[in-house]
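Worksheet: one structure, shown below.
Computation of the quantities below employed the complete heavy-atom set of this structure, encompassing side-chain atoms and omitting hydrogens, waters and symmetry-equivalent molecules.
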Amino acid sequence: MQVLPNGLKLLPGFLSRSEQEDLLEEVRAKAAIAPLFVPKMPRTGKPMSVRMTNFGSLGWVTDKEKGYRYQPTHPETGDPWPDIPVKLLEIWEEHANYEKPPEACLVNYYEPDAKMGLHQDRDEEDFDAPVLSISLGDRCLFRYGGKNRNDPTKSFKLESGDVMLLSGASRLIFHGVDRIYPGTSTLLKREGRINLTLRRVTR
Ligand code: SIN
Ligand code: MN
């Protein structure tokens, strides 16, 4: 495990190719039941460039009217989210250092030109639990700073199979994805990147 100066933890190449393939297959099957949707920014309704879905008892959604929140059902189908893949629960158990299981697995799908602006993950009740993220598919340029929006930032590349943890001092740091490098992984059938983020929402 690598620990960056601000406490951000990285497990580069944590998942083998075959583990990535198995996980991807499971994500695809579950996303067929809970289809990707276009998240919209609070108030403006501006669409984000990523598409999203969730697994677990709670899923993170956002739209113009009600903004950022967690809810137990898919915003378009109205159905409960599919269960979190067991493999992900095992990774959490092993590395989250937190007694309760995650409730949400946010699935972000990045087309080659998608990105995610700097933000904090702070819609959860419990910041003692880490945010555990897994990358699949094309490489991306991940940017992180400090707890204030204006703190200086650094960037590094996240690769398919990497696991990252925002925990302790790094739990509330600003972070985002500057860009995807299309065609840098053969895992997905086409160009793009999937990020899976496990979170504990309630105490
Ligand atoms: C996120 O912060 O929700 C996603 C980060 C990533 O795609 O690596
Ligand atoms: Mn985030």
Side-chain angles (χ1 to χ4, degrees), residues 15 18-42 45-93 96 100-117 119 121-126 129-138 140 158 160-164 166 175-177 180 185 187-202:
L15 293 175
S18 70
E19 288 173 319
Q20 293 174 45
E21 285 168 357
D22 291 350
L23 184 54
L24 177 63
E25 200 171 311
E26 215 174 328
V27 168
R28 277 209 188 102
K30 289 175 187 284
I33 300 165
L36 291 166
F37 60 90
V38 178
K40 313 262 172 55
M41 296 300 285
K46 185 175 182 280
M48 293 173 68
S49 61
V50 296
R51 285 185 283 149
M52 290 181 175
T53 189
N54 289 270
F55 309 142
S57 55
L58 290 170
W60 189 86
V61 301
T62 173
D63 55 30
K64 181 177 173 165
E65 293 75 21
K66 292 197 247 166
Y68 300 159
R69 65 198 187 272
Y70 284 93
Q71 64 179 45
T73 53
H74 190 288
E76 290 171 1
T77 67
D79 292 334
W81 308 102
D83 292 340
I84 299 177
V86 170
K87 176 77 183 169
L88 297 180
L89 297 177
E90 289 171 1
I91 297 173
W92 175 276
E93 179 113 345
K100 294 179 190 151
E103 293 164 299
C105 174
L106 174 64
V107 181
N108 287 139
Y109 174 66
Y110 295 78
E111 301 269 2
D113 58 356
K115 52 189 178 228
M116 189 174 291
H119 67 277
D121 285 13
R122 53 178 315 141
D123 301 318
E124 302 72 35
E125 288 172 13
D126 190 352
V131 172
L132 191 158
S133 117
I134 294 156
S135 296
L136 295 174
D138 283 336
C140 77
L158 275 175
S160 196
D162 290 356
V163 170
M164 193 183 66
L166 302 184
H175 60 279
V177 172
I180 305 299
S185 164
L187 186 71
L188 309 189
K189 284 185 191 137
R190 51 197 182 108
E191 294 176 339
R193 170 175 183 265
I194 294 172
N195 176 255
L196 307 170
T197 308
L198 299 174
R199 303 197 191 106
R200 178 78 197 180
V201 181
T202 67

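The CD1 atom of I84 sits 11.5 Å away from the CD1 atom of I91 when rounded to the nearest 0.5 Å. Summarising the geometry, atom OG1 belonging to T202 is positioned 7.0 Å from atom CG belonging to L58; distances are rounded to the nearest 0.5 Å. Note that CG of L15 and CG of D162 are 9.0 Å apart. Values are rounded to the nearest 0.5 Å.
F37 places a side-chain heavy atom less than 4.5 Å from the side chain of M52. Counting heavy atoms from C-beta outward, L132 and V163 have side chains that approach closer than 4.5 Å. A 4.5 Å side-chain heavy-atom check between E124 and D121 finds at least one atom pair inside the cut-off. At a threshold of 4.5 Å between non-hydrogen side-chain atoms, the residues C105 and T197 do not count as touching. Here the side chains of R200 and V131 are not in contact, with every heavy-atom distance at 4.5 Å or above. Using a 4.5 Å cut-off on side-chain heavy atoms (C-beta onward), L188 and Y109 make contact. A 4.5 Å side-chain heavy-atom check between S49 and D113 finds every atom pair outside the cut-off. Inter-residue side-chain proximity for N195 and I134 is flagged as unmet; no heavy-atom pair is nearer than 4.5 Å.
W92 contributes a side-chain N or O that, together with a main-chain N or O of K100, makes up a donor-acceptor pair within less than 3.5 Å. Side chain of T62 to main chain of K40: a donor-acceptor pair is present (N/O by atom type, distance under 3.5 Å, no hydrogens or angles). Counting only distance, with no hydrogens or angles, the side chain of W60 and the backbone of D123 share no donor-acceptor pair below 3.5 Å. Put simply, the side chain of H175 gets close to the backbone of H119: a donor and an acceptor are under 3.5 Å apart. Of the possible polar contacts, none joining the T53 side chain to the L36 backbone as a donor-acceptor pair under 3.5 Å is found.
Crowding of E21 atom CD: a count of heavy atoms from other residues, nucleotides or ligands under 6.0 Å exceeding 12.
Looking at E111 and R193, no side-chain N of the basic residue comes within less than 4.0 Å of a carboxylate O on the acidic one, giving no salt bridge. Between R199 and E103 no salt bridge is recorded (no basic side-chain N to carboxylate O distance below 4.0 Å).
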I'd like to know whether R28 forms a side-chain contact (heavy atoms from CB on, under 4.5 Å) with K189, so could you lay out the CA-CA distance, the side-chain angles of the two residues, the decisive distance to 0.1 Å, and finally the verdict. CA-CA 11 Å; R28 277 209 188 102; K189 284 185 191 137; 3.5 Å; yes
Taking it one step at a time, do L196 and L23 satisfy side-chain contact (heavy atoms from CB on, under 4.5 Å)?
-> CA-CA 10 Å; L196 307 170; L23 184 54; 3.9 Å; yes
Pair I194-L24, side-chain contact (heavy atoms from CB on, under 4.5 Å): steps then yes or no
CA-CA 9 Å; I194 294 172; L24 177 63; 3.7 Å; yes
* Asked: Given the rule in the side-chain contact (heavy atoms from CB on, under 4.5 Å) test, do Y110 and M116 qualify, once you have shown the distances and angles that lead to the verdict?
  -> CA-CA 9 Å; Y110 295 78; M116 189 174 291; 3.5 Å; yes
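Side-chain contact, H74 with N54: no donor N or O sits under 3.5 Å from an acceptor N or O. Side-chain contact annotation: D138 with S185, donor-acceptor N/O pair under 3.5 Å absent.
Among residue pairs with one or both ends in residues 64-80, those qualifying as salt bridge (Lys or Arg N to Asp or Glu O under 4.0 Å) are D63-R69; sequence neighbours excluded.
In plain terms, the two heavy atoms of W81 and A34 that are nearest each other are CE3-CB, 4.4 Å. Shown here for A104 and V201, the closest heavy-atom pair between the two residues is CB-CG2, 4.1 Å.
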